[in-house]
Amino acid sequence: MKAAVFKAPGAPLVIENVPDPEPGLTGLILKVQACGICGTDLHWSEKSDAVGGWRNLEPGAVMGHEFAGEVMEVGREARGDWKVGDRVCAMPQIGCGVCQSCLSGRPHRCAELKNRASSELTGAYAEFTRIGSSETLLLPEGVDFRQGALVEPLAVGLHAVDRARLQPGDTVLVVGAGPVGLSVALWCSFFGVRHIVVSDLAAARAERAAEYGATAAIDASREDVIARFEAISGGPPRVVFDCVGAPGSLQIAIDYAPIDARVVVVGLCMGADTIFPAVAFVKELDLIFVFAYRKPDFEMTVDMLGCRRIDAASMVTDCVGFDAFPKAFEGLKIPGSQVKVMLEPD
Ligand SMILES: [Zn+2]
Ligand SMILES: [Zn+2]
């Protein structure tokens with residue numbers, strides 16, 4: 001099959017033929033119809049040292065974890081649950097399906113976890129990819145493959161908002177208006193937060209958040225973020241989401257947070273970073289880290305897309321085939337006007 005293959009840190013992906021994936025006993029083979037490019041993959045493809053706690057990519061790895069498509073092949077033990085032709089999306093991880101972690105919808109905590117973009121499991125920047133029977137969800141009619149490929153980033157936002165333990169009257173500052181920030185704004189709006197203020201160093205990006213439920217935008221390159229926030233909402237934010245995940249962004253979120261606030265770290269910084277704990281200490285902040293999601297986050301996202309209670313289709317700003325994909329991937333490393341760019345293998 002065709003796939004976009006990682007070669008070396010900082011080098012563009014190369015379209016090559018790689019072995020077709022096998023479904024195994026319990027897996028399914030998905031014909032990928034759409035796969036979003038994630039900021040994690042952009043950072044990951046540049047990373048060349050193991051400092052920071054995130055594994056390096058091996059040359060030959062195929063990334064891609066935000067996908068939807070059609071079931072092409074069903075492993076023998078999954079045949080009662082799935083059939084060829086089913087339109088689905090899936091959690092990118094594959095667990096054993098029967099342990100406590102898997103049964104609670106957290107395959108990424110399974111002792112037998114298969115990680116994508118590794119030698120045992122290729123990602124979905126490819127024509128086909130293997131998915132787990134227990135981690136797969138049927139797409140409702142009316143939810144197309146592009147929206148199906150948005151389920152993963154939307155589930156990240158839902159899990160982050162869940163972790164924030166929102167209370168009545170909470171006001172929210174979202175730092176960073178990339179796909180993760182937009183997704184967090186969308187779910188804060190869904191759950192009825194009155195003030196959802198999104199800041200970004202690019203005014204146009206921040207303003208775009210209004211489409212996803214943000215109630216105000218701040219141009220962090222020109223404005224004093226906290227002074228503006230207070231002018232807008234009448235007080236400081238109770239919850240600050242760091243949706244940037246670059247060195248320095250966590251300290252910025254800590255600096256923005258007032259006494260007793262919650263700082264929710266959603267953006268993933270893969271390298272070493274410095275924070276000043278005393279600042280968070282004196283404010284007695286709750287620092288909450290967010291990793292991935294649980295299956296119920298996927299289920300709720302699919303369900304809410306299906307009944308049109310949420311709409312994120314406009315997040316998809318470009319779709320390309322294999323030929324244009326490596327260039328589109330590199331292009332996203334420079335901040336621009338794109339939100340979510342997808343590979344459409346056909
Ligand atoms: Zn992602
Ligand atoms: Zn398991």
With sequence neighbours left out, which residue pairs that include part of residues 11-26 fulfil the side chain to side chain donor-acceptor pair (under 3.5 Å) condition? Lys7-Glu16
Which heavy atom in Ala68 sits nearest to a heavy atom in Gly148, and how many Å separate them? CB-C, 3.6 Å
State whether the number of non-hydrogen atoms from other residues, nucleotides or ligands found under 6.0 Å of Leu25 atom CG is greater than 12. yes
Please enumerate all residues that pass side chain to side chain contact (heavy atoms under 4.5 Å, CB included) together with Ala209, with sequence neighbours excluded. Leu182, Val198, Ala214
Summary of ring-ring contact (aromatic ring centres under 6.0 Å, His included) pairs that have at least one residue in residues 179-199, sequence neighbours excluded: Trp187-Phe190
Pairs where residues 225-248 contributes a residue and the test side chain to side chain donor-acceptor pair (under 3.5 Å) is met, not counting sequence neighbours: Glu223-Arg228, Asp242-Ser249
Do Val265 and Ile288 have side chains that approach each other closer than 4.5 Å (heavy atoms only, starting at C-beta)? no
Would you say the side chain of Leu285 lies within less than 4.5 Å of the side chain of Val240, judging by non-hydrogen atoms? no
How far does OG1 of Thr301 sit from CG of Leu150, to the nearest 0.5 angstrom? 10.5 Å
Strictly by side chain to side chain donor-acceptor pair (under 3.5 Å), give each pair with a member in residues 109-124 just once, sequence neighbours left out. Arg116-Thr129
Mark yes or no for whether Lys283, through its side chain, and Ile254, through its backbone, hold a donor-acceptor pair below 3.5 Å. yes
Any side-chain heavy-atom pair of Cys89 and Glu152 under 4.5 Å: no
So does Asp286 pair up with Arg262, basic N to acidic O under 4.0 Å? no
Sequence neighbours left out, what pairs pass salt bridge (charged side-chain N to carboxylate O under 4.0 Å, His left out) with at least one residue falling in residues 66-82? Glu66-Lys340
What residues form a side chain to side chain contact (heavy atoms under 4.5 Å, CB included) with Gln338, not counting sequence neighbours? Thr317, Asp318, Leu332, Val341
Residue set satisfying salt bridge (Lys or Arg N to Asp or Glu O under 4.0 Å) with Asp346, at least two apart, ordered chain then number -> Lys31
Got a sec, which pairs hit ring-ring contact (aromatic ring centres under 6.0 Å, His included) with one end in residues 284-306, sequence neighbours left out? His108-Phe291, Tyr293-Phe298
Please answer: with hydrophobic residues joined when any side-chain heavy atoms are less than 4.5 Å apart, are Val266 and Leu154 in the same cluster? yes
Return the minimal non-hydrogen interatomic distance between Ala126 and Val62, and the atom names on each side. CB-CG1, 4.4 Å
Closest non-hydrogen atom pair between Gly176 and Cys243, with its separation: O-CB, 3.9 Å
Beyond-backbone contact of Ile29 with Val71, side-chain heavy atoms, under 4.5 angstrom: no
If you look only at distance, which donor and acceptor atoms sit under 3.5 Å apart when one is on a side chain in residues 323-331 and the other is two or more places apart or in another chain?
unit_1: Glu330; atom_1: OE1; unit_2: Lys333; atom_2: NZ; d: 3.2
unit_1: Glu330; atom_1: OE2; unit_2: Lys333; atom_2: NZ; d: 3.2

We want to know whether Asp311 and Tyr212 form a side-chain donor-acceptor pair, criterion being a heavy-atom distance below 3.5 angstrom. no
For Ile196, is there any backbone N or O sitting under 3.5 Å from a side-chain donor or acceptor partner on Thr171? no
ILVMFWY network linking Leu268 to Val174, side-chain heavy atoms under 4.5 angstrom: no
If you take all heavy atoms of Ile37 and Tyr125, which pair is closest and at what distance? CA-OH, 3.4 Å
Work out which heavy atom in Arg55 is nearest to a heavy atom in Lys47; give both atom names and the distance. O-CE, 4.3 Å
Could you tell me which non-hydrogen atom of Ala149 sits nearest to which non-hydrogen atom of Gly36, and how far apart they are? CB-N, 4.4 Å
Is there a donor-acceptor pair closer than 3.5 Å between any side-chain N or O of Asp41 and the backbone N or O of Met63? no
Look at Arg87 together with Asp144 and state whether they make a salt bridge at an N to O cut-off of under 4.0 Å. no
Any donor-acceptor pair under 3.5 Å from Ser183 side chain to Pro153 backbone: yes
Residues sharing Phe281's hydrophobic cluster, by side-chain heavy-atom contacts under 4.5 Å among ILVMFWY, directly or via others? Val282
Considering residues at least two apart in sequence or located in another chain, which fulfil the salt bridge (Lys or Arg N to Asp or Glu O under 4.0 Å) criterion with Arg308? none
